[in-house]
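Down below is the structure, laid out as structure tokens.
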Number of protein chains: 2
Amino acid sequence: MVPPDEQRVGSGPPWVSVGFTLSQLGLETARQFGRITGQFDIEPRHFAVMSAVRLAPDQSQQGIGDGLGIPASTMVTIVDQLEDKGLIERRHLTSDRRTRALHLTAKGESLHDAALEAAKAQEARICAELEPHEREQLLELLGKVRASLGVDATRLPDPAGG
Amino acid sequence: MVPPDEQRVGSGPPWVSVGFTLSQLGLETARQFGRITGQFDIEPRHFAVMSAVRLAPDQSQQGIGDGLGIPASTMVTIVDQLEDKGLIERRHLTSDRRTRALHLTAKGESLHDAALEAAKAQEARICAELEPHEREQLLELLGKVRASLGVDATRLPDPAGG
DNA sequence: TATTGTTATACTCTATAACTATA
DNA sequence: TATAGTTATAGAGTATAACAATA
């Protein structure tokens with residue numbers, strides 16, 4: 001597949017806006033994370049699926065997809081790609097032969113570990129100008145904004161943007 | 001029967017991350033802004049173009065597009081749509097008959113005014129849980145993150161005073 | 001009959017490149 | 001020859017719906 005599109009909309013409102021700033025910084029953060037996953041030859045959504053599978057192994061493919069807001073037909077494509085790379089495996093459950101329980105391979109786990117390390121390095125770069133207590137403050141303030149936006153604290157952003 | 005991390009439905013990083021939070025909140029903010037512009041039968045990019053045109057009237061179509069990172073052929077589509085709605089006009093400059101100088105119609109200006117008001121209402125909702133000094137703090141901290149991310153600050157004035 | 005996974009398809013969106021008219 | 005705008009088109013990505021196997 002192809003790297004995320006490069007379109008940006010750079011004109012904000014004529015006042016200092018939390019909303020516009022969040023959109024701007026969120027988009028750039030996601031873009032940079034896309035470059036990070038790219039170094040491991042995967043996209044952010046592959047990383048998201050691998051994270052979800054690791055957190056809840058042997059769940060069904062559509063179950064994982066539902067948790068991430070990814071439609072079933074798209075999940076097939078994503079898991080196909082991960083399987084082609086030897087990062088994930090589909091298992092048939094004995095109880096219900098329709099479902100394909102997902103789990104990471106050893107290779108998948110080590111790649112996910114490495115990508116996690118790279119993500120931590122990104123986090124460090126993003127927060128480079130913040131004192132530790134400022135970072136805590138920022139997270140606390142963003143928590144209040146999160147509540148106002150009605151965003152569930154536990155769910156990954158939909159990598160498809162829909 | 002219930003695993004320890006049953007509460008964690010999604011699969012974000014196992015540490016509290018500024019980057020992940022920014023992606024999440026930025027995406028949701030943009031989504032909600034899309035619904036706001038939708039109430040005026042336009043998309044965020046139409047609003048962005050109208051804002052840029054209002055800020056720099058009688059600039060060329062491609063000049064506006066360059067400032068927003070929108071390719072020339074896409075600008076044609078956007079300006080076509082705005083023109084069809086009677087919100088914008090293309091003028092031929094006497095000096096160079098190739099360029100189409102853009103300016104908002106009266107209808108375009110009043111729609112843009114109304115959309116700005118709606119955007120301010122969104123900003124108020126987003127910041128509803130923040131004390132005024134907390135909002136200032138948040139913007140200051142995001143400014144430091146902005147620098148680390150390498151995102152240019154918007155150099156737009158603040159005529160509304162807020 | 002309902003559900004999981006898969007496949008096929010139609011639709012949208014975007015950007016590249018060709019084309020025009022001016023310069 | 002170069003540039004502003006336009007048009008045509010091909011490509012990627014997505015989601016809807018049909019289909020197969022199993023329950």
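So you know, we letter chains A, B, ... as the sequences are listed, proteins then strands, and number each from 1.
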Angle of first-five versus last-five pair axes in the helix from C/dG5-D/dC19 to C/dA23-D/dT1, to 10 degrees: 10°
Parallel, tilted or perpendicular: ring planes of A/F47 versus A/H112, cut at 30 and 60 degrees: parallel
Nearest-Å distance for atom pair CG/C1', residues B/L102 and D/dG5: 11 Å
Counterpart residues, side-chain contact (heavy atoms from CB on, under 4.5 Å), relative to A/E131 (two or more places apart): A/H133, A/E134
Side chain to side chain donor-acceptor pair (under 3.5 Å) partners of B/E136, counting only residues at least two apart: none
Between D/dT14 (C1') and A/I70 (CD1): distance, integer Å: 12 Å
Whole angstrom value for the distance that separates P of D/dT3 from CG of B/L93: 18 Å
Under 4.0 Å protein heavy-atom contact, by nucleotide of nucleotides 4-10 of chain C - B base, S sugar-phosphate only: SBBB---
B/E109: side chain to side chain donor-acceptor pair (under 3.5 Å) partners, not counting sequence neighbours: none
N/O (side chain, B/R45) to phosphate O (OP1/OP2, C/dT14) under 4.0 Å: yes
Non-neighbouring partners of A/Q59 that pass side chain to side chain donor-acceptor pair (under 3.5 Å), sequence neighbours left out: none
Atom-to-atom span, CG of A/D66 to P of C/dT3 - whole angstrom: 12 Å
Partners meeting side-chain contact (heavy atoms from CB on, under 4.5 Å) with A/D58 (sequence neighbours left out): A/R91, A/A101, A/H103
Set of residues satisfying side chain to side chain donor-acceptor pair (under 3.5 Å) with respect to B/R98, sequence neighbours excluded: B/D96
Contacts of B/Q32 that satisfy side-chain contact (heavy atoms from CB on, under 4.5 Å) - sequence neighbours left out: A/L149, B/E28, B/R35, B/Q122
